[in-house]
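In listed order, ligands and their atoms are each counted from 1.
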Amino acid sequence: MASVSLGVDQEIISTLPKDTGWAAEHYYQYQNFWYPQVFLEGVIWAQQDFRARDSDIFLATFPKCGTTWAKALMIAIKNRKDCDYSSHPLLTKNPHDIVPYIELLVHQDNPVEYLDSMASPRLLASHIPHSSLPNSLLDSDTRVVYIARNPKDVLVSFWAFSEKLRSKVYRLPPLSLEEGFELFCKGVALAGPFWDHVLGYWEASLKNPNKVLFFKFEDLKADTEGCVKRLAEFIGYPFSSEEEKEGAVQEIIKFCSFENLSSLEVNKSGTYHVGPKTDEKFSNDVFFRRGETGDSQKHLTPKMLERLDKITEQKFGASGLKF
Ligand SMILES: Nc1ncnc2c1ncn2[C@@H]1O[C@H](COP(=O)(O)OS(=O)(=O)O)[C@@H](OP(=O)(O)O)[C@H]1O
């Protein structure tokens, strides 16, 4: 099994409630949300040591909600005047290597130096729930983009992802979809419960729409052009009417499409390494599976679909949020 760095937080971690892990042997509950140790160490680190800049552009997601896609779009929107598509950084780097998860930087040799060396405006990401975000970020003018997705597709995507890592990386026995389903329903998933994660950012976006922009993966699929324009405007890189006429939005959409990104050599055979202080490494192709909406209908039984719908209705009913 791949080992993780056992840092100063080991004492805290050993006191936390634990349950079955997905892409790890165990998940731990910290501030009402569940994590594998490799993330949890970083959540605690980020709460203590992460220093936001007002100019930061921050992507927050529950895993499997479209992080890779949104990272690519944000990179391409921000870089569009500096690089063309024949020498673009996304041709040779996976989006996760360009836009780091702040909670995984703890596994770099010197995370503070790493962050300080990034030019402003920094593109950063996280799976940390809103209620556990570092104060420095909450108190800053950092803009936060959040992507949610319907829980049925998230569950199937997360299960498929974890299955690949369980056997290949962690040498753990398979976790059946039924076992994953039960864990997901009771909230045990990376940064789960899913519903509480989404609600935290949804409420923050209602309270402060200038700070938090809330998107759904499904909207991004159905109206990619509209969403990309809104995203560009929110992060401070709006498209001019000239650019729109010249097809700049369409170019970015095509370049960041599932078909294009998943066919790049770096995303087919490249490796994602969480950081030199851990041996957590896996193939970039695990970030690309189908990229569709509604795939869960083919994998989950009618009973499972119904139960997930019921939980979603119970949790989101009063919020106005629908999937
Ligand atoms: N460019 C693009 N367009 C559309 N969809 C895409 C794209 N890139 C990745 N994907 C799909 O997104 C799912 C992975 O979610 P995340 O990127 O959030 O995963 S992670 O949290 O970063 O591990 C996963 O969804 P599923 O296919 O349903 O498993 C990926 O296939």
Side-chain angles (χ1 to χ4, degrees), residues 22-24 35-36 38-39 42 59-77 88 90-91 93-104 123-129 145-166 169 177 180 184 189-192 194 197-198 201 215-225 227-228 231 251-264 266-268 270 272-274 280-300 323:
W22 292 69
Y35 308 92
V38 71
F39 268 89
L59 173 71
T61 55
F62 186 87
K64 303 296 149 199
C65 287
T67 327
T68 312
W69 189 12
K71 282 185 178 183
L73 286 169
M74 287 160 75
I75 296 162
I77 289 168
H88 201 281
L90 283 168
L91 293 174
K93 284 185 175 170
N94 175 270
H96 298 285
D97 285 327
I98 303 177
V99 184
Y101 289 108
I102 60 164
E103 63 271 29
L104 291 180
L123 287 181
L124 300 169
S126 182
H127 290 319
I128 299 178
V145 175
Y146 186 77
I147 316 274
R149 187 181 188 186
N150 86 75
K152 296 174 276 194
D153 288 349
V154 171
L155 164 64
V156 169
S157 181
F158 193 53
W159 175 76
F161 171 84
S162 302
E163 270 312 279
K164 280 191 193 152
L165 301 195
R166 281 178 77 86
V169 181
L177 183 52
F184 191 84
L190 203 178
F194 164 85
H197 197 286
V198 175
Y201 283 95
F215 272 114
K216 288 184 197 161
F217 181 92
E218 291 76 16
D219 295 339
L220 206 46
K221 286 291 283 189
D223 176 21
T224 316
E225 187 174 334
C227 290
V228 167
L231 176 62
E251 260 182 332
I252 285 176
I253 292 172
K254 197 166 160 211
F255 187 62
C256 296
S257 67
F258 180 89
E259 292 69 29
N260 186 49
L261 291 183
S262 63
S263 71
L264 298 174
V266 61
N267 294 326
K268 285 200 291 191
Y272 177 65
H273 187 187
V274 168
E280 299 254 338
K281 278 184 199 170
F282 43 86
S283 167
N284 286 335
D285 68 3
V286 296
F287 295 112
F288 303 91
R289 196 180 61 96
R290 303 189 67 84
E292 292 167 3
T293 54
D295 180 53
S296 52
Q297 305 287 332
K298 296 186 205 131
H299 297 272
L300 301 177
F323 281 92

| said: I'd like to know if A160 contacts ligand 1, where contact means a heavy-atom distance under 4.0 Å to any ligand atom. | reply: no
| field | Taking atom 5 (N) of ligand 1 as the reference point, the nearest protein heavy atom with its distance | value | G291 CA, 3.4 Å
| query | Of all the non-hydrogen atoms in the protein, which one sits nearest to atom 6 (C) of ligand 1, and at what distance? | reply | F258 CD1, 3.7 Å
| Short list, please: which atoms of ligand 1 are under 4.0 Å from a heavy atom of H96? | 22 (O)
| Using 4.0 Å as the upper bound for N to carboxylate O, is an ion pair formed by D285 and K164? | no
| field | Shortest protein heavy-atom distance from atom 3 (N) of ligand 1, along with the residue and atom involved | value | W69 CD2, 3.3 Å
| Which of the atoms in ligand 1, numbered in the order shown and given with their element, are less than 4.0 Å from a heavy-atom of G66? | 15 (O), 16 (P), 17 (O), 18 (O)
| request: Report yes or no: do S262 and N267 form a side-chain donor-acceptor pair below 3.5 Å? | output: no
| message | Considering non-hydrogen atoms of the protein only, which is the closest contact for atom 15 (O) of ligand 1, and what is the distance? | response | K64 CA, 3.2 Å
| said: Suppose I only count heavy atoms of H127 and a 4.0 Å limit; which atoms of ligand 1 are within that range? | reply: 21 (O)
| said: Suppose I only count heavy atoms of T68 and a 4.0 Å limit; which atoms of ligand 1 are within that range? | reply: 16 (P), 17 (O), 22 (O)
| Closest non-hydrogen atom pair between W159 and W22, with its separation | CA-CZ3, 3.7 Å
| said: Quick check on contacts: which atoms of ligand 1 are under 4.0 angstrom from a heavy atom of F288? | reply: 8 (N), 9 (C), 31 (O)
| field | Shortest protein contact, atom 30 (C) of ligand 1 (heavy atom only) | value | F287 O, 3.4 Å
| query | Counting heavy atoms only, which part of C65 comes closer than 4.0 Å to ligand 1: side chain, backbone, both or neither? | reply | backbone
| task | Look at the rings of F39 and Y101 and say which category their plane angle falls in: under 30° parallel, 30 to 60° tilted, over 60° perpendicular. | result | perpendicular
| query | Is the W69-F217 ring centre distance short of 6.0 angstrom? | reply | yes
| request: Determine whether the side chains of D97 and N94 contain a donor N or O and an acceptor N or O closer than 3.5 Å. | output: no
| request: Give the atoms of ligand 1, by number and element, whose distance to some non-hydrogen atom of P63 is under 4.0 Å. | output: 21 (O)
| query | Please, which pairs that meet salt bridge (charged side-chain N to carboxylate O under 4.0 Å, His left out) have at least one residue in residues 64-77, sequence neighbours excluded? | reply | none
| note | Note: F217, heavy atoms under 4.0 Å from ligand 1, region reported as side chain
| field | Where ligand 1 meets Y101 - atom numbers and elements under 4.0 angstrom, heavy-atom basis | value | 20 (S), 21 (O), 22 (O)
| remark: So the atoms of ligand 1 within less than 4.0 Å of a heavy atom of C256 turn out to be 1 (N)
| remark: Going by the 4.0 angstrom heavy-atom rule, the piece of A72 near ligand 1 is neither
| said: Counting neighbours of NZ on K93 that are heavy atoms of other residues, nucleotides or ligands and sit closer than 6.0 Å, is the number greater than 12? | reply: no
| Considering only protein heavy atoms, which is closest to atom 31 (O) of ligand 1, and at what distance to one decimal place? | R289 N, 2.9 Å
| task | Among all protein heavy atoms, pick out the one at the shortest distance from atom 18 (O) of ligand 1; state its residue, atom name and that distance to 0.1 Å. | result | T67 OG1, 2.5 Å
| query | Parallel, tilted or perpendicular for F282 and F287, by the 30°/60° rule? | reply | tilted
| task | Output yes when the distance from some N or O of ligand 1 to some N or O of S157 is under 3.5 Å, and no in every other case. | result | yes
| field | Main-chain N/O of V154 paired with S157 side-chain donor or acceptor, under 3.5 Å | value | no
| Passes side chain to side chain contact (heavy atoms under 4.5 Å, CB included), L123 versus I98? Steps please. | CA-CA 8 Å; L123 287 181; I98 303 177; 5.8 Å; no
| query | Quick one: CD on E103 to CG on L124, what's the gap to the nearest 0.5 Å? | reply | 10.5 Å
| Who gets closest to atom 25 (O) of ligand 1 by heavy atom: R149, E292, K71? | R149
| task | May I ask you to test the H96-T68 pair for a side-chain heavy-atom distance under 4.5 Å? | result | yes
